[in-house]
Amino acid sequence: MLKYDPLACLPSSEELPDSDDTPVDNELQNIIPGLLKVILAMVWAERMDWFFGIDMGIYHDPDLAAIVPDGFLSLGVERFYDQNLRLSYVLWEEKRVPILALEVVSQTYRGEYSTKKAEYARLGILYYVVYNPFRRRKPRLEVYKLVNNVYELQDGNPVWLPEIGLGIGMEQGTYLGIGREWLYWYNQQGQRFLTPEEDKKLAQQQTQQAQQEAQQARRRAELLAEQLRSLGVDPDSLS
């Protein structure tokens, strides 16, 4: 007897638009999630069970339009490496609700504190992160956790996210040559993970330091050999 699979009748990720085609009005709406994604790619390089989407549609109901966060993180899903990657994020295919959604507020509000917040809560996204770089009197970074279907504001900077195993916070730094306040991932001790630029610079500094230490060791050995020769001792006979 042929079994009926209702999911087979629903559109797939290949058939659905990957975003809502709404242009961002602030470049930070792409760069900030992009930085978080490239740091994750370094921190979780060996993990194959996560996905970080940027300006990508989350399809949760075939009869409704997709929700499109500036960025979102899902755990327990396949990490694709093929050339096409994900075209969109479809819940009836992934079977995993994202664990975190991120909105970067521009000068034009898009419901980050109202409609989008309600949508993410209704969808069951555990953490909702809102970053508003234009705020002066209120906190620029707000991290909410879904508790009994209601988002509760979490204290601190960074904020530790135990279900993810990372913290998220903001501080001054440089990325793509731009010095400003950025969002970063942190470890449980509150130390932030490096960006690719910082990691490369640190590796270069460590290489230079190792080369300098090697040169100093060779120079000390040469000086010792000269002193031994001045005393009539052949340093090669001591080896």
Side-chain angles (χ1 to χ4, degrees), residues 28-56 58 67-81 85-86 89 91 94-105 112 116-117 119-121 123-133 135 139-147 150-176 178 180-203:
L28 292 175
Q29 290 174 294
N30 279 334
I31 299 179
I32 286 176
L35 173 56
L36 291 172
K37 182 172 184 175
V38 298
I39 295 175
L40 272 185
M42 295 169 55
V43 176
W44 287 350
E46 304 302 320
R47 289 186 58 170
M48 302 299 295
D49 63 343
W50 64 275
F51 174 71
F52 194 96
I54 299 175
D55 192 31
M56 175 180 285
I58 300 174
I67 297 174
V68 187
D70 289 327
F72 67 90
L73 172 65
S74 284
L75 300 180
V77 297
E78 184 178 2
R79 186 179 177 192
F80 291 166
Y81 278 106
L85 304 177
R86 276 179 172 82
Y89 193 89
L91 289 187
E94 306 284 356
K95 298 180 177 60
R96 290 278 184 172
V97 173
I99 195 169
L100 179 147
L102 166 68
E103 292 289 348
V104 179
V105 182
E112 289 89 353
K116 284 197 170 184
K117 188 177 179 182
E119 286 177 341
Y120 296 143
L123 195 57
I125 294 177
L126 183 60
Y127 289 104
Y128 178 42
V129 179
V130 188
Y131 176 61
N132 188 341
R135 275 187 165 181
R140 293 184 299 280
L141 178 64
E142 296 180 343
V143 180
Y144 295 91
K145 184 174 184 179
L146 194 63
V147 179
V150 176
Y151 277 125
E152 294 184 357
L153 184 62
Q154 307 297 293
D155 294 328
N157 178 42
V159 177
W160 179 246
L161 315 173
E163 296 83 359
I164 298 176
L166 295 171
I168 191 168
M170 62 181 183
E171 65 177 86
Q172 291 290 325
T174 301
Y175 178 57
L176 299 178
I178 305 169
R180 57 156 287 116
E181 184 178 80
W182 296 101
L183 299 189
Y184 298 98
W185 298 112
Y186 295 76
N187 63 20
Q188 196 166 7
Q189 289 71 44
Q191 300 169 326
R192 75 172 177 86
F193 291 101
L194 300 180
T195 69
E197 292 171 319
E198 292 168 335
D199 187 67
K200 182 178 180 180
K201 184 177 180 179
L202 179 61

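Counting from 1, the numbers follow the sequence of the chain as shown.
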Results of side chain to side chain contact (heavy atoms under 4.5 Å, CB included) for [X] - residues two or more places apart only:
{"X": "Glu163", "value": "Ile99, Leu126, Tyr127, Lys145"}
{"X": "Val97", "value": "Leu91, Leu123, Ile125"}
{"X": "Val77", "value": "Phe51, Ser74, Arg86, Tyr89, Glu94, Arg96"}
{"X": "Leu153", "value": "Glu142, Tyr144"}

Applying salt bridge (Lys or Arg N to Asp or Glu O under 4.0 Å) as the test, list every pair that has at least one member in residues 123-132; sequence neighbours left out.
none
With sequence neighbours left out, write down each residue that passes salt bridge (charged side-chain N to carboxylate O under 4.0 Å, His left out) with Arg180, or none if nothing qualifies.
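Here no residue qualifies.
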Quick one: list whatever passes salt bridge (charged side-chain N to carboxylate O under 4.0 Å, His left out) with Lys117, sequence neighbours left out.
none
Could you give the side-chain donor-acceptor pairs of residues 166-175 under 3.5 Å, partners two or more places apart or in another chain?
| residue | atom | partner | partner atom | Å |
| --- | --- | --- | --- | --- |
| Glu171 | OE1 | Tyr186 | OH | 2.8 |
| Glu171 | OE2 | Arg192 | NE | 3.1 |

Residues in ring-ring contact (aromatic ring centres under 6.0 Å, His included) with [X], at least two apart?
{"X": "Tyr131", "result": "none"}
{"X": "Trp50", "result": "Trp44"}
{"X": "Trp185", "result": "none"}

Which residues pass the side-chain hydrogen bond (donor to acceptor under 3.5 Å, both in side chains) test with Asn157, sequence neighbours left out?
none
